[in-house]
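Labels below follow one simple rule: chain letters A, B, ... track the order of the sequence lines, proteins then strands, and each chain is numbered from 1.
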Amino acid sequence: MKKKLFSLMLVASMTATLFAGCGSAESATEGAATTEADATTEAVEGSWKIGGIGPMTGAAAVYGNAVMNAAQIAADEINAAGGINGYQVAFNAQDDEHDQQKSVNAYNTLKDWGAHAILGTVTTAPCIAVAAEANNDRVFMLTPSASSPDVNVTNGYDNVYQVCFSDPNQGTASADYIADNAIGTKVGIIYNSSDAYSTGIMTTFVAEATAKGLDFVDPEAFTSDSNQDFSTQLTKLQSEGCDVIFLPTYYQENSLILNQANSMGYAPIFFGVDGMDGILSLEGFDTSLAEGVYLLTPFAADAQDELTKNFVAKYQEKYGETPNQFAADAYDAMYIYKAALEDANLTPDASAAEVCEALVGNMSTLSVDGLTGTAMKWSTDGTVSKAPKAVIIKDGVYVSAE
Amino acid sequence: MKLLKNVTAPTQKLIRTVAAVVLVYILMEILIAAGCISSLIQGLLVPVCTYSIAAVALNLCVGYLGELSLGHAGFMCLGAFASAYFSKLTADTIPDVPRFILALIIGTAVAALFGFLIAIPVLRLKGDYLAIVTLAFGEIIKNVMNVIYVGKDSVGLHFSMKDQLSLGMSVDGKMIINGAQGITGTPRQSTFTVGVVLLILALIITSNFVNSRTGRAVKAIRDNRIAAETVGLPVSKYKLIAFTLSAAIAGVAGVLYSHSLNSLTATTNNFGYNMSIMILVYVVLGGIGNFSGGIIATTVLLLLPELLRGMADYRMLIYSIVLIALMIFNWSPDVQKWKAVNGLTLDGIKARFSKNKEVQ
C-alpha cells in the first residue's frame, strides 16, 4: 500500500510540475513583456516585436549586455521618431549564457512572445544552434556579432544575416593590410584555439598571408582555460625575431599580452582586429602600453562624426560606459531592421514567417548607413560588405592609419 | 494491483516509475496536440530527457557503486561527439532511422569503452581521490575534443590535432570536427518520443542491474568492501562493470544531446566540470540511489531558470537561492528533525494514511 501511495505522489508531483510549467510559462513571457514595457514603450497591440538573444550572465556577458543596451537605445530613438512604418518597436532581450541549449530556450521564449524577428544571437556557437531552429520555423535573424560563416553560408541558412564582418573577411583584410603597407618583416600570431572567432580569423589570415608571400611563423595557441600567462608564446615569438604580432583575440587577453611583452622588454608592433576595440577603456590598463597598436575595426568610439558622437553620448549617459564595437553593431542592426521593414512596407500584422520571406527577399537590395560603415550591403548568403578601417592608437585615442 | 502481487518490490517500483513517465509523456503529447504548451516548454522536453538519463547514469555510480564521479559530463561528451561524428559522416549515405540507431549504438559503445579504460586506474582510488581523478579525466576528454580536427574531401578523411590548415584538404573539403568549434550541422533527430523511450530503457536497465546478482554484489562492496572481499567477491570486476554501465548510459544522454542541437562544442558549461556538478546536483537533490527522484529533480531544476526568465537579470540569483533552499529543506539534519517531529516525512505522511485505513 505504501508503494502505491508513493507512486501516486510521484505521478501527482510530476504532473504538478508539468502544469506549473504550462501555466507559469505564459506568465513568464507576460512578465518579460511587462519588464520590457517598464524599460521602453509598452508592447501594445500592433507594435513591432524584435527579440534579442545574447549572453547577459556568465563569462561572455560583457558582449551580450553591450548588444542589448545599444539595441534598446536604437529602439528608443526609432520610437521617438515615429517608429517603423508608423508602428512602435518593442525590444525583448533574453539571456542565453553563451550556451547552445539555453540559446534555443531563449529563442523559444521569444517565439512565445510573438517576436517578428530576432536580433541575435550575439555569440557564434549559440547562433548556429538557434539558426537551425529559426531556419526551420522561418524566422528572420540579424546577428550583430556572430561572425563565423557557419551561421549562414556554410550551413545554407538563407534567413540569417550578419552586421559584423565575417571572420574570413577580417583575416584576409588584416593580412592584406600588413603585406601592402609593409608594417613588418616577420609576423607572429597568438590566437585562442578554443574560440571560434579567433581561430576563424587566424585560419584565413594564414591563408591570405601565404598567398601574399608574407613571412610568418607558426601560430601560437592558447585556450580560454589558460589565458592568463602568455610568456611562453611571447618568448618563442621574440626568439624567432618577429617584429609584428597579429592578435585575433579579445581585448582582455590582448591587454595581458601587451603588459607581459612590455615587462619582457619585447616591443614588436601589435596588430589587432575588432576584438581589440575596448582596450583603451579597460579598467586598470596602462593605456600607454597600447601606443602604436594597429587595429582593424569598423567602429571607433572616438570618431568625430555626428552619428557616433550622438550614440556614444547617449550610451554613456544611460549605462555609464563607452560603447564597444558589439554595441555599435547592435545599434546598426536595429536601424537595418527599420530600413528593411520600411522597404518591404510591412505592418506588425505580418507573421514572423511573412517578415522572414520579405526580408530574405529585400536585404540584398538595401544599402544602409550606420555607425559601423557607410553603404553597408548584403549578399544573398547573408554576409555584409563594408570596408574595414585600419586605426592606430596615438596618445590614447584612435587615429585613422591611412 | 493483484497482478503486481507476485512481482518483487523493486520491480513494482520500476513499473510504477515507468508508468509515471509514460503517463507524463501521453499527457504532454495531448497538451501539445491541443496547443496548450508553449514553445519554450516544448523545446525543454528533449533536454529534460537528456539530463534525466545522465542523472540515472550518475545515480548508478554514486548511489549503488558508492563512488563519487565528477567526470560524467566527459562520458556524455564522448557519446555526443562519437555519435555526431558518425551521423555527420554518413548523413548522405544512410537513411535517417537506421543511422540514428547506429549512432546511438556507437555513442554508447565509445562512452562505455572509455568508461572501462578510465575505470581501471580510477577505481583503485577511494572517496575524494577518486572524485578528483574523475574530474581530471572529464576535463581531459573535453580538452582533447577541443583539438581534434577531422575533414573529409574527395580523397578521404584527414585527421589532425594541430589546426585546420595542417589537414591539407582539397578545396571541396568539408570540416567534420573543427577543433574547438566542434561539430556543426548534426542532423536533429532527438525527439521527445526518442528521449522518453531511451529514458525508460535506462530506467529498466539500471533497475534490473542493481537488483541482479551483480548489482547485489556491487551494493555489498559499497556497504563494506572488506566483508565483500572476505566472502570472495571479485571487487575490481564488479566495480568495473558498474562504472562501465554508468558511463555507457551517460553516453546515451550524450547522443540525445548532440542530436537535439545543430551545434556541438565542448566548453566548460556543456561537458566541463560545471555540467558534471549540475548532474550531481540533480542526483543529490533527487536522493542518492533514487532513480525516480533524480528524474523529478532534473525536471524541476531544468525548468526553473527558464520559468524565471520574467525576472530578467535576477533569475540566476533567484535560481541559486531556490537551489540552496531546496537542498536545505531536503537534506539539512535540523530540517529533517523538524519534519519528523511534525510528521512531514514520507514515512510520517504514509503512516497517517495507513492509520486511517486501519480505522476503517
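- Side chains of B/S260 and A/Q101 form a contact here, defined as non-hydrogen atoms less than 4.5 Å apart.
- A/N192 does not touch chain B: none of its heavy atoms, backbone or side chain, sits under 4.5 Å away.
- A/E133 has a carboxylate O that lies under 4.0 Å from a charged side-chain N of B/R188, or vice versa, which qualifies the two as a salt bridge.
- Nearest heavy-atom pair across B/S39 and A/K111 is OG-CE, 3.4 Å.
- Across all non-hydrogen atoms, the minimal contact from A/D112 to B/S38 is OD2-CB, 3.1 Å.
- In this structure, CG in A/L110 is found 8.0 Å from CZ in B/R309, a value given to the nearest 0.5 Å.
- Summarising the geometry, atom OG1 belonging to A/T57 is positioned 5.0 Å from atom CE belonging to B/M316; distances are rounded to the nearest 0.5 Å.
- Contact of B/L304 with chain A is not made at all, since no heavy-atom distance falls under 4.5 Å.
- Atom OH of B/Y149 has more than 12 neighbouring heavy atoms from other residues, nucleotides or ligands inside a 6.0 Å radius.
- Using a 4.5 Å cut-off on side-chain heavy atoms (C-beta onward), A/N105 and B/L40 make contact.
- The shortest side-chain heavy-atom distance between A/H98 and B/N269 does not fall under the 4.5 Å cut-off.
- Taking both residues in full, the closest heavy atoms of B/L261 and A/A129 are given as CD2-CB, 4.2 Å, listed atom of the first, atom of the second, then distance.
- Using a 4.5 Å cut-off on side-chain heavy atoms (C-beta onward), B/N270 and A/D99 make contact.
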Go through A/T199 and B/Q181 one step at a time and tell me if the side-chain contact (heavy atoms from CB on, under 4.5 Å) criterion holds.
CA-CA 9 Å; A/T199 315; B/Q181 294 161 61; 3.5 Å; yes
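- Listed for the B/S263 side chain is a donor-acceptor partner under 3.5 Å among the backbone atoms of A/A125.
- If you measure heavy-atom distances from A/D95 to chain B, the contacts under 4.5 Å come from both the backbone and the side chain.
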Given A/T109 and B/E306, is the side-chain hydrogen bond (donor to acceptor under 3.5 Å, both in side chains) satisfied, shown in steps?
CA-CA 9 Å; A/T109 308; B/E306 299 305 329; 4.8 Å; no
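- Across B/G185 and A/N155, no two heavy atoms sit closer than the pair CA-OD1, 4.3 Å.
- Ranked by heavy-atom pairs shorter than 4.5 Å toward chain A, the options B/N143, B/N146, B/T184 are led by B/T184.
- Note: A/A132 leads A/A132, A/G200, A/A221 in heavy-atom pairs under 4.5 Å with chain B.
- Of the atoms belonging to A/A106, heavy atoms from both backbone and side chain fall under 4.5 Å from chain B.
- Crowding of A/K212 atom NZ: a count of heavy atoms from other residues, nucleotides or ligands under 6.0 Å exceeding 12.
- Contact annotation for B/T267: neither backbone nor side-chain heavy atoms come within less than 4.5 Å of a heavy atom of chain A.
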